[in-house]
Amino acid sequence: MKRKVIFDTDTASDDTIALMMSLDFFDVIGVTIVSGNVKFEHEVKNALFTLEYLGREDVPVFLGAQRPIMGVWRTVEEVHGEKGMGRWDIPTPSKKPENKFASDAIIELSKKYCCELEVLAVSPLTNLALAYLKDPSIVNRIKKVWIMGGAFTKGNTTEIAEFNFWVDPEAAKIVINGGFNITLVPWEVTEESATITDDEWEKISALNTKRSNFFVKVNEILREYSKKVGSPGSVHPDSLTVTIAYDNTLVLGSVKKSVDVETCGKSRGAMLIDWYNLTNSETKVEIITKADSIKFKKYLIDVLSKA
Ligand SMILES: O=c1[nH]cnc2c1ncn2[C@@H]1O[C@H](CO)[C@@H](O)[C@H]1O
């Protein structure tokens, strides 16, 4: 029996590959969309299209928050392409989203699948924060929350902040302090273990499957951008996070610490880790410090090799 998950996403480039992998690994009972990477309407279209492309029209898509709780954010078309799918102008999908707000869907599904549901959040945490504010008891019904977010020090959006935390630091603060059972996969770990080098990119292109062709198209601009800012290839944080959720033997190092999120000034979106337990906080989360790159890439190639 596959584990039941909700996939929360600001769907652009690597989000779609993380969704593809999740559909293989898990029983995805819902996809929830949140504002972040590109215009909301494109994120919705990208998610619906990805599901259709993979023949998974059966998976419901729920529309969520179209802005962060408080702050002003910016979309990052330079990272993912104008519409979030590289240079690919995807056709309009015929699949339609559900008529239920994402945070309400999270609450309802947590009741329906009480105590076994997991959330894969590869996105700003607005939808989950709103669900928690409406019904804090979801903490007792959701088994696990896997989060791609936060940077130790090497921010990819400001000097100190990672994009998902930076878009909605208030939401990240609410979720992380909410008492969920959380594993965090920070930016640096993903850059170290989930960067696809030129050789690996060529290998993926040469697979020439429906899925590998999709990978190459949607990540084309991500690859160019990542290299431009100094990574050795395209970085795939969301795909690594769902693979760690699926196979915990990918975890080569982790710590359990209390975490907070800065919401002010120039360091807005920074991840604060209480390394020495200075705050005496009881609320701790697991933070991944090292992941198995070889295993991750094997899973990725396996998923992309399928017809
Ligand atoms: O420069 C970037 N490289 C990779 N992913 C990015 C970038 N900017 C925004 N995201 C998005 O934010 C998370 C990673 O911080 C990922 O979830 C990705 O979708």
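Numbering of ligands and ligand atoms starts at 1, following listing order.
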T9 versus D15, side-chain donor and acceptor atoms under 3.5 Å: yes
Side-chain H-bond candidate by donor/acceptor type, K144 with T183, under 3.5 Å: yes
Ligand 1 versus D15: contacting region, heavy-atom distance under 4.0 Å: side chain
Pick from F165, F163, W166: the one approaching atom 9 (C) of ligand 1 most closely through a non-hydrogen atom: F163
Just to confirm my output: which protein heavy-atom neighbour is closest to [atom], and how far is it?
{"atom": "atom 16 (C) of ligand 1", "answer": "D238 OD1, 3.3 Å"}
{"atom": "atom 1 (O) of ligand 1", "answer": "Y225 CE2, 3.3 Å"}
{"atom": "atom 3 (N) of ligand 1", "answer": "W187 CH2, 3.5 Å"}
{"atom": "atom 13 (C) of ligand 1", "answer": "E162 OE2, 3.3 Å"}
{"atom": "atom 11 (C) of ligand 1", "answer": "N37 OD1, 3.3 Å"}
{"atom": "atom 2 (C) of ligand 1", "answer": "V79 CG1, 3.6 Å"}

Short side-chain to backbone donor-acceptor contact, S123 and D8, under 3.5 Å: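 Answer holds: yes.
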Side-chain ion pair, E82 and K39, N-O less than 4.0 Å: no
K298 bridged to D302 by N-O distance under 4.0 Å: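 Salt bridge: yes.
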Min N/O separation T157 to ligand 1 under 3.5 Å: no
Y246 and F25 aromatic ring geometry - parallel, tilted or perpendicular at 30°/60° bounds: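 Rings of F25 and Y246: parallel, under 30°.
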For K154, the option from E191, E188, E192 that meets salt bridge (charged side-chain N to carboxylate O under 4.0 Å, His left out): E191
